[in-house]
Amino acid sequence: MAELQEVQITEEKPLLPGQTPETAKTHSVETPYGSVTFTVYGTPKPKRPAIFTYHDVGLNYKSCFQPLFQFGDMQEIIQNFVRVHVDAPGMEEGAPVFPLGYQYPSLDQLADMIPCILQYLNFSTIIGVGVGAGAYILSRYALTHPDTVEGLVLINIDPNAKGWMDWAAHKLTGLTSSIPEMILGHLFSQEELSGNSELIQKYRNIITHAPNLENIELYWNSYNNRRDLNFERGGETTLKCPVMLVVGDQAPHEDAVVECNSKLDPTQTSFLKMADSGGQPQLTQPGKLTEAFKYFLQGMGYMASSCMTRLSRSRTASLTSAASIDGGRSRSRTLSQSSESGTLPSGPPGHTMEVSC
């Protein structure tokens, strides 16, 4: 497994007082399905997994995750973990356009590239953070390599293959919409696109004028040809690690994420439905997502000495109250965030926890 490229860069972001620039190394390695590029921030911490991210269609690791990992409160987390940000083939900055007729890897094959990355870095376990297509890829990897995945944060995951009605709608849309507009409809809600905010204008420009748009279309086609993950609650095909499912309250994939939640082990799965976040909560609500991520890590036994946030304190109180009534019964855990309310909902707790913060 030969290294193709290694360059040292410095992440461009405003530094907090007393903070030093964070260095990163970008690598490319060969896999059975072509080369893959990834960027490593920080140094491995003893007995701790790497945070391993995978981006959605139309994006790369920077445009998908920078607002989240540059958020001020996130710095406490990234100081405790090494990070690996993967760019899907052909999505990295400066990537050449693939030649005509190039067979782009399927999402299953993209998942099969991950062991090559971990072997090259000599990392044994990861905590995956994926969005959209990236969430699917990390889930597929976790199904085949459960011993190497300690936890998953899955944003906007759709574990289902496209049905006939989906295909018909996709083909019809393709007759009237360009590839960039179709991808924008995948990333953002119709309300966001109609509002044409500064964020939408920025990402419309990024995708429409991408020099590797042909490569993006290949990744888009692979996503639309994905297989069903066949999750089954209580069955053999399920995620065996702690999982946090995240979706915006008006996101295009809200129904798919809700369905995914119903198919996973409720004792291992938290469902975070974020208000006022649109289709990309890691871009629009990095603060709320950082709070939830910190609690997720604490629940896994990491960062126990970290100060608990308002979200985690509220959620802990809710779950403790539920445990005193429900005893040992298993239950699904749901966080529903609202920017207007800071109180816990009234009424007796049930199997699903609704926490406003």
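This structure is a prediction, so every number in the text was calculated from the model and none was measured. Note that these values count all heavy atoms, side chains included, but never hydrogens, waters or copies made by symmetry.
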**Student:** With rounding to the nearest 0.5 Å, note down the distance linking CD in Glu92 to CG in Asn212.
**Tutor:**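 Rounded to the nearest 0.5 Å, the CD-CG separation comes out at 8.0 Å.
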**Student:** Specify whether Tyr102 and Tyr104 have parallel, tilted or perpendicular ring planes, treating 30° as the upper limit for parallel and 60° as the lower limit for perpendicular.
**Tutor:**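 Aromatic pair Tyr102/Tyr104 classed perpendicular.
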**Student:** Compare all side-chain heavy atoms of Val84 with those of Thr39 and state whether any distance is below 4.5 angstrom.
**Tutor:**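 When only atoms from C-beta onward are counted, Thr39 and Val84 do not touch, as no gap falls below 4.5 Å.
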**Student:** Using a strict 4.0 Å threshold on nitrogen-to-oxygen distance, state whether Arg226 and Asp158 make a salt bridge.
**Tutor:**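 A salt bridge links Arg226 with Asp158.
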**Student:** Under 4.5 Å between side-chain heavy atoms, counting indirect links through other Ile/Leu/Val/Met/Phe/Trp/Tyr residues: same cluster for Ile51 and Met300 or not?
**Tutor:**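 Yes, one cluster joins them.
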**Student:** Please name the pair of heavy atoms, one in Gly90 and one in Ala95, separated by the smallest distance, quoted to 0.1 Å.
**Tutor:**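 Taking every non-hydrogen atom into account, O-CB, 3.5 Å.
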**Student:** Would the distance check show the side chain of Gln75 and the main-chain N or O of Phe69 forming a donor-acceptor pair, the cut-off being under 3.5 Å?
**Tutor:**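 Side chain of Gln75 to backbone of Phe69: a pair is present.
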**Student:** Tyr41 side chain to Ile78 main-chain N or O, any donor-acceptor pair under 3.5 Å?
**Tutor:**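 No, the answer is negative, given that no donor and acceptor are paired below the 3.5 Å cut-off.
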**Student:** So if you build clusters from Ile, Leu, Val, Met, Phe, Trp, Tyr with side-chain heavy-atom gaps below 4.5 Å, do Val243 and Val258 land together?
**Tutor:**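 As far as the 4.5 Å side-chain criterion goes, Val258 and Val243 are connected within one cluster.
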**Student:** Which residue, Asn156, Asn224, Asp56, forms the side chain to side chain donor-acceptor pair (under 3.5 Å) with His186?
**Tutor:**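 Only one of Asn156, Asn224, Asp56 forms a side chain to side chain donor-acceptor pair (under 3.5 Å) with His186, namely Asp56.
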**Student:** List in chain and number order the residues that pass side-chain contact (heavy atoms from CB on, under 4.5 Å) with Glu198, two or more places apart in sequence or in another chain; answer none if no residue qualifies.
**Tutor:**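 side-chain contact (heavy atoms from CB on, under 4.5 Å) list for Glu198, sorted by chain: empty.
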**Student:** Is there a side chain to side chain contact (heavy atoms under 4.5 Å, CB included) between Phe296 and Val153? Walk through the geometry before answering.
**Tutor:** CA-CA 9 Å; Phe296 182 70; Val153 178; 3.9 Å; yes
**Student:** Quick one: pull up CD1 in Ile179 and CD in Glu214 and give me the separation to the nearest 0.5 Å.
**Tutor:**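 Rounded to the nearest 0.5 Å, the CD1-CD separation comes to 11.0 Å.
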**Student:** Which heavy atom of Leu283 sits nearest a heavy atom of Cys64, and at what distance?
**Tutor:**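 Smallest interatomic distance, heavy atoms only, reads CD2-O, 3.6 Å.
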**Student:** Determine whether the aromatic ring centres of Phe38 and His27 lie less than 6.0 Å apart.
**Tutor:**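 Phe38 vs His27: aromatic centres under 6.0 Å.
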**Student:** Could you verify whether a donor N or O on one side chain and an acceptor N or O on the other, from Asn160 and Glu259, lie under 3.5 Å apart?
**Tutor:**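 Note: Asn160 and Glu259 side chains meet the donor-acceptor criterion.
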**Student:** Does the separation of the ring centres of Tyr61 and Tyr54 fall below 6.0 angstrom?
**Tutor:**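 No.
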**Student:** Counting only N and O atoms by type, is there a donor-acceptor contact under 3.5 Å from the side chain of Thr269 to the main-chain atoms of Leu264?
**Tutor:**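 It does not hold such a pair.
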**Student:** For the pair Gln201 (side chain) and Asn196 (backbone), establish whether a donor and an acceptor sit closer than 3.5 Å, ignoring hydrogens and angles.
**Tutor:**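 Side chain of Gln201 to backbone of Asn196: a pair is present.
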**Student:** Aromatic ring centroids of His55 and His85 under 6.0 Å?
**Tutor:**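 Distance test on ring centres: not under 6.0 Å, no.
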**Student:** Quick one: do Glu232 and Thr237 satisfy side-chain hydrogen bond (donor to acceptor under 3.5 Å, both in side chains)? Show the steps, please.
**Tutor:** CA-CA 6 Å; Glu232 182 183 3; Thr237 306; 5.8 Å; no
**Student:** Side-chain contact test, heavy atoms from C-beta onward, threshold under 4.5 Å: evaluate it for Tyr33 versus Leu110 and give yes or no.
**Tutor:**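 The answer is no; the side chains never approach within 4.5 Å.
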**Student:** Can you name the one residue among Thr26, Asn60, Thr37 that meets side-chain contact (heavy atoms from CB on, under 4.5 Å) with Glu93?
**Tutor:**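 That would be Asn60.
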**Student:** Mark yes or no for whether Ser139, through its side chain, and Ala135, through its backbone, hold a donor-acceptor pair below 3.5 Å.
**Tutor:**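 Confirmed, Ser139 side chain pairs with Ala135 backbone.
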**Student:** Closer than 3.5 angstrom, by distance alone: can the side chain of Gln280 be matched with the main-chain N or O of Gly278 as a donor-acceptor pair?
**Tutor:**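 Between the backbone of Gly278 and the side chain of Gln280 there is no qualifying donor-acceptor contact (under 3.5 Å).
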**Student:** With a 3.5 Å cut-off and no angle check, do the side chains of Glu30 and Ser35 form a donor-acceptor pair?
**Tutor:**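 Checked: Glu30/Ser35 side chains show no N/O donor-acceptor pair below 3.5 Å.
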**Student:** Distance from Glu254 atom CD to Ser189 atom OG, nearest 0.5 Å?
**Tutor:**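 If I round to the nearest 0.5 Å, the distance is 10.5 Å.
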**Student:** Keeping Tyr203 on the side-chain end and Ser63 on the backbone end, is there a donor-acceptor pair under 3.5 Å?
**Tutor:**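 Here the side-chain-to-backbone pair exists.
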**Student:** Would the distance check show the side chain of Asn215 and the main-chain N or O of Phe98 forming a donor-acceptor pair, the cut-off being under 3.5 Å?
**Tutor:**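 Here the side-chain-to-backbone pair exists.
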**Student:** Which pair of non-hydrogen atoms, one from Ser222 and one from Pro105, has the smallest distance, and what is that distance?
**Tutor:**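 Smallest interatomic distance, heavy atoms only, reads OG-O, 2.8 Å.
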**Student:** Would you call Pro115 and His145 a side-chain contact if the rule is heavy atoms closer than 4.5 Å?
**Tutor:**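 Sidechains of His145 and Pro115: in contact.
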**Student:** Less than 4.5 Å apart, side chain to side chain, heavy atoms only: is that true for Val246 and Phe271?
**Tutor:**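 The answer is no; the side chains never approach within 4.5 Å.
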**Student:** Among Val82, Ile117, Leu118, find the residue that satisfies the side-chain contact (heavy atoms from CB on, under 4.5 Å) test when tested with Ile126.
**Tutor:**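 The single option meeting the side-chain contact (heavy atoms from CB on, under 4.5 Å) with Ile126 is Leu118.
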**Student:** Measuring only between side-chain heavy atoms, which start at C-beta, is Ile77 closer than 4.5 Å to Met303?
**Tutor:**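 Contact flag for Ile77/Met303 side chains = yes.
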**Student:** Would you say Ile216 ends up clustered with Ile206 if hydrophobic residues are merged whenever their side chains have heavy atoms under 4.5 Å apart, either directly or through other cluster members?
**Tutor:**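 Cluster IDs for Ile206 and Ile216 match.
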**Student:** With no hydrogens and no angle check, is any side-chain donor or acceptor of Gln109 less than 3.5 Å from a backbone partner on Ser106?
**Tutor:**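 Pair found, side chain donor or acceptor close to backbone of Ser106.
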**Student:** Grab the two heavy atoms, one from Ile155 and one from Pro281, that are nearest each other, plus how far apart they are.
**Tutor:**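 Heavy atoms of Ile155 and Pro281 come nearest at CG2-CG, 3.7 Å.
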**Student:** Using 0.5 Å steps for rounding, measure from the CG atom of Leu68 to the CD atom of Gln282.
**Tutor:**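 Leu68 atom CG to Gln282 atom CD measures 7.0 Å (nearest 0.5 Å).
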**Student:** Under a 4.5 Å cut-off applied to non-hydrogen side-chain atoms, are Tyr302 and Pro49 in contact?
**Tutor:**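 Of all side-chain heavy-atom pairs linking Pro49 with Tyr302, at least one is under 4.5 Å.
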**Student:** Salt-bridged, Arg233 to Asp265, with N to O below 4.0 Å?
**Tutor:**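 Between Asp265 and Arg233 there is no salt bridge, as every charged N stays at least 4.0 Å from the carboxylate O atoms.
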**Student:** Roughly how far apart are Thr208 OG1 and Glu181 CD, rounded to 0.5 Å?
**Tutor:**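 Atom-to-atom, Thr208:OG1 and Glu181:CD are 6.0 Å apart.
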**Student:** Measuring from atom CD of Glu291 to atom NZ of Lys294, what distance do you get when rounded to the nearest 0.5 angstrom?
**Tutor:**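 Glu291 CD to Lys294 NZ: 8.0 Å, rounded to 0.5 Å.
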**Student:** Check whether any side-chain heavy atom of Leu239 sits under 4.5 Å from a side-chain heavy atom of Leu143, and report yes or no.
**Tutor:**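 Yes, close enough: below the 4.5 Å cut-off.
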**Student:** Among Met74, Lys288, Gln298, exactly one meets side-chain contact (heavy atoms from CB on, under 4.5 Å) together with Phe293. Which residue is that?
**Tutor:**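 The side-chain contact (heavy atoms from CB on, under 4.5 Å) with Phe293 is passed solely by Met74 among Met74, Lys288, Gln298.
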**Student:** Compare all side-chain heavy atoms of Thr148 with those of Tyr141 and state whether any distance is below 4.5 angstrom.
**Tutor:**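 Side chain of Thr148 against side chain of Tyr141, heavy atoms only: contact under 4.5 Å found.
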**Student:** Given Leu138 and Ile114, is the side chain to side chain contact (heavy atoms under 4.5 Å, CB included) satisfied, shown in steps?
**Tutor:** CA-CA 9 Å; Leu138 290 175; Ile114 294 176; 4.0 Å; yes
**Student:** So that I can tick it off, tell me whether Asp249 and Lys273 are bridged by a salt bridge, with the cut-off set at under 4.0 angstrom between side-chain N and carboxylate O.
**Tutor:**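 No, no charged N to carboxylate O under 4.0 Å.
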**Student:** Look only at the side chain of Thr284 and the backbone of Ser277, and say whether a donor-acceptor pair between them is shorter than 3.5 Å.
**Tutor:**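 At least one qualifying donor-acceptor pair exists.
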**Student:** Any chance CD of Glu236 has more than 12 other-residue heavy atoms, nucleotides or ligands included, within less than 6.0 Å?
**Tutor:**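 Result for CD/Glu236: open.
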